[in-house]
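Each chain gets a letter, A, B and so on, in the order the sequences are listed, and its residues count up from 1.
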Protein chains: 2
Amino acid sequence: MRRLLIKKGQVVQIPGETQTKAYYVESGLLRSYVIDQKGREYIFMFAPEGWLIADSTPPELPGELFIDALEDSTLKVFEKGTEHNNDDRPKLIKRLGVLQKRVIQLMSASAIERYEHFIDTYPNITQRVPQRMIASYLGITPEALSKVKGEKARGK
Amino acid sequence: MRRLLIKKGQVVQIPGETQTKAYYVESGLLRSYVIDQKGREYIFMFAPEGWLIADSTPPELPGELFIDALEDSTLKVFEKGTEHNNDDRPKLIKRLGVLQKRVIQLMSASAIERYEHFIDTYPNITQRVPQRMIASYLGITPEALSKVKGEKARGK
DNA sequence: TGGCCGCATTAATCTAGATTAAGAATTTCA
DNA sequence: TGAAATTCTTAATCTAGATTAATGCGGCCA
């Protein structure tokens with residue numbers, strides 16, 4: 001298990017690799033995302049201090065996520081499938097909880113509702129990343145988020 | 001750890017409980033889903049033989065999923081947080097993989113694309129549940145799925 | 001210091017999928 | 001078996017959010 005120091009903007013993982021790693025964020029902020037055929041970017045997850053970030057694609061398949069740093073960060077790198085991962089079992093379960101919520105929101109909530117849930121759940125991150133990345137995480141365009149925020153401000 | 005025999009239609013878990021359990025499906029088919037304020041139903045996950053199904057809401061919060069049987073089924077019931085769960089670590093990771101894919105699809109793929117991915121990934125389930133439940137899983141209405149299928153049939 | 005680039009906002013138009021409404025087919029079960 | 005309930009399909013209309021386009025605003029660094 002190595003420790004890694006990375007600069008804002010640095011990419012730590014790209015799609016296509018089969019031996020992907022898991023990163024524990026000691027300080028800073030990372031994100032994972034995909035880019036589709038049309039070049040559109042979709043943020044899958046933010047990982048601030050205390051979070052684990054990884055591509056959970058099954059190990060026999062090539063990974064599909066980019067992972068890069070939104071701030072200077074320090075990481076612990078885990079090779080997957082090694083026994084020591086047992087201590088982060090609670091982190092896996094936490095990730096499942098977040099993803100369950102995320103799927104349900106994407107299916108059942110409007111853009112406004114998803115935005116409000118996001119600022120409740122990640123109030124700190126809101127200050128640390130550009131608006132367009134929050135839009136990307138929510139699955140809407142920056143323009144739509146801008147509109148939504150405007151409507152909310154001037155009395156819903 | 002108990003074994004449970006349930007009939008088609010039987011509900012094994014409802015939202016609001018804090019001591020939720022995990023169910024390993026030995027035979028049959030279960031689903032988990034939410035119902036929103038307007039009474040709309042969104043299927044979160046199907047679980048055929050060999051799958052683990054559970055509400056992954058953090059343990060300190062009330063659960064948000066219904067779980068019921070779509071076929072007569074036999075289950076093994078796990079209390080969460082007990083040590084024996086260590087052997088299903090691979091199942092947790094598999095669930096993470098499925099959810100990652102699901103989030104990315106919900107954000108970036110059209111209804112048609114999601115439908116095609118679904119029939120690739122769960123060809124058997126397609127035969128075992130009504131169309132409207134597949135629509136619900138995909139996050140679209142039964143009408144939209146019907147249209148999509150029609151278009152696909154008559155030469156895309 | 002000034003030019004450039006990424007970011008945010010607003011507005012006009014467009015579209016995938018929702019909603020509503022029937023009708024036909026299929027399942028369920030008394 | 002037969003009536004009621006559930007499911008599927010088609011079609012007309014509506015709408016949240018996408019797309020496109022134009023403008024303004026910092027911040028960055030040569």
Side-chain angles (χ1 to χ4, degrees), chain A residues 7-9 29 31 33-43 46 68-72 104-119 125-156, chain B residues 7-10 29 31 33-43 46 68-72 105-119 125-156:
Chain A
K7 287 275 165 206
K8 174 173 175 168
L29 178 62
R31 64 165 177 166
Y33 59 103
V34 294
I35 299 183
D36 74 6
Q37 316 73 347
K38 284 156 204 138
R40 275 186 273 254
E41 185 181 295
Y42 300 88
I43 293 182
F46 293 110
D68 67 14
L70 300 178
E71 301 174 356
D72 294 354
I104 292 171
Q105 289 258 328
L106 284 170
M107 288 201 297
S108 69
S110 66
I112 312 91
E113 292 166 331
R114 299 207 297 276
Y115 176 63
E116 293 182 334
H117 176 258
F118 181 85
I119 56 182
I125 292 186
T126 313
Q127 324 310 129
R128 293 160 72 181
V129 307
Q131 222 54 254
R132 44 167 285 272
M133 289 195 186
I134 295 175
S136 169
Y137 179 91
L138 297 176
I140 60 178
T141 59
E143 293 84 353
L145 180 51
S146 206
K147 199 197 311 191
V148 155
K149 283 182 59 186
E151 283 159 9
K152 212 169 89 89
R154 89 183 65 87
K156 219 146 221 168
Chain B
K7 287 274 164 206
K8 175 174 175 167
Q10 197 172 330
L29 178 62
R31 65 166 176 166
Y33 58 102
V34 294
I35 299 183
D36 75 6
Q37 316 74 346
K38 284 154 205 140
R40 275 186 274 255
E41 185 181 295
Y42 300 88
I43 293 183
F46 294 109
D68 67 14
L70 300 178
E71 301 174 356
D72 294 355
Q105 289 259 328
L106 284 170
M107 288 201 297
S108 69
S110 67
I112 312 91
E113 292 166 332
R114 299 206 296 279
Y115 176 63
E116 294 183 334
H117 176 258
F118 181 85
I119 56 183
I125 292 187
T126 312
Q127 323 311 128
R128 292 160 71 181
V129 307
Q131 222 54 254
R132 45 167 284 271
M133 289 195 187
I134 295 174
S136 170
Y137 179 91
L138 297 176
I140 61 177
T141 59
E143 293 84 354
L145 180 51
S146 206
K147 200 197 310 191
V148 155
K149 283 182 58 187
E151 283 159 8
K152 213 169 88 88
R154 89 183 65 86
K156 219 148 221 168

Output one line per pair: protein atom, nucleotide atom from nucleotides 27-30 of chain C, and distance, for all N/O pairs under 3.5 Å.
none

What's touching nucleotides 24-30 of chain D from the protein side, N or O pairs under 3.5 Å?
none

Considering only distance and modelled atom types, tabulate donor-acceptor pairs under 3.5 Å from the side chains of residues 104-112 of chain A, sequence neighbours left out.
{"from": "A:S108", "atom 1": "OG", "to": "A:I104", "atom 2": "O", "distance (Å)": "2.8"}
{"from": "A:S110", "atom 1": "OG", "to": "A:E113", "atom 2": "N", "distance (Å)": "3.4"}
{"from": "A:S110", "atom 1": "OG", "to": "A:E113", "atom 2": "OE1", "distance (Å)": "3.3"}

Q. Taking C-beta and beyond as the side chain, do B:Y137 and B:R31 meet within less than 4.5 Å on heavy atoms?
A.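 Side-chain contact under 4.5 Å: no.
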Straight-line distance of B:H117 NE2 to B:L138 CG, nearest 0.5 Å
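B:H117 NE2 to B:L138 CG: 10.5 Å, rounded to 0.5 Å.
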Enumerate donor-acceptor pairs with a distance under 3.5 Å from any side-chain N or O in residues 125-135 of chain B to protein atoms, sequence neighbours excluded.
{"from": "B:T126", "atom 1": "OG1", "to": "B:Y122", "atom 2": "O", "distance (Å)": "3.1"}
{"from": "B:T126", "atom 1": "OG1", "to": "B:P123", "atom 2": "O", "distance (Å)": "3.4"}
{"from": "B:R128", "atom 1": "NE", "to": "B:E71", "atom 2": "OE2", "distance (Å)": "2.8"}
{"from": "B:R128", "atom 1": "NH2", "to": "B:G28", "atom 2": "O", "distance (Å)": "3.2"}
{"from": "B:R128", "atom 1": "NH2", "to": "B:E49", "atom 2": "OE2", "distance (Å)": "2.8"}
{"from": "B:R128", "atom 1": "NH2", "to": "B:E71", "atom 2": "OE1", "distance (Å)": "3.0"}
{"from": "B:R132", "atom 1": "NH2", "to": "B:E41", "atom 2": "OE2", "distance (Å)": "3.4"}

Would you check, one step at a time, whether the test side-chain contact (heavy atoms from CB on, under 4.5 Å) holds for A:F46 with A:L70? CA-CA 9 Å; A:F46 293 110; A:L70 300 178; 3.9 Å; yes
Using five base pairs at each end, measure the axis-to-axis angle across the helix from C:dT1-D:dA30 to C:dA30-D:dT1 and round it to 10 degrees.
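Inter-axis angle at the termini of the helix from C:dT1-D:dA30 to C:dA30-D:dT1: 50°.
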>> Check this for me, if you would: do A:K7 and A:D72 make a salt bridge, where the nitrogen-to-carboxylate-oxygen distance has to be below 4.0 angstrom?
In response: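 So A:K7 pairs with A:D72 through a salt bridge.
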Protein-proximity profile, nucleotides 16-23 of chain C, B/S/- by nucleotide at the 4.0 Å heavy-atom cutoff, equals -BSBBB--
Problem set entry | Interatomic distance where CZ belongs to B:R132 and P belongs to C:dT26 [whole Å] |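 Atom CZ in B:R132 sits about 18 Å away from atom P in C:dT26.
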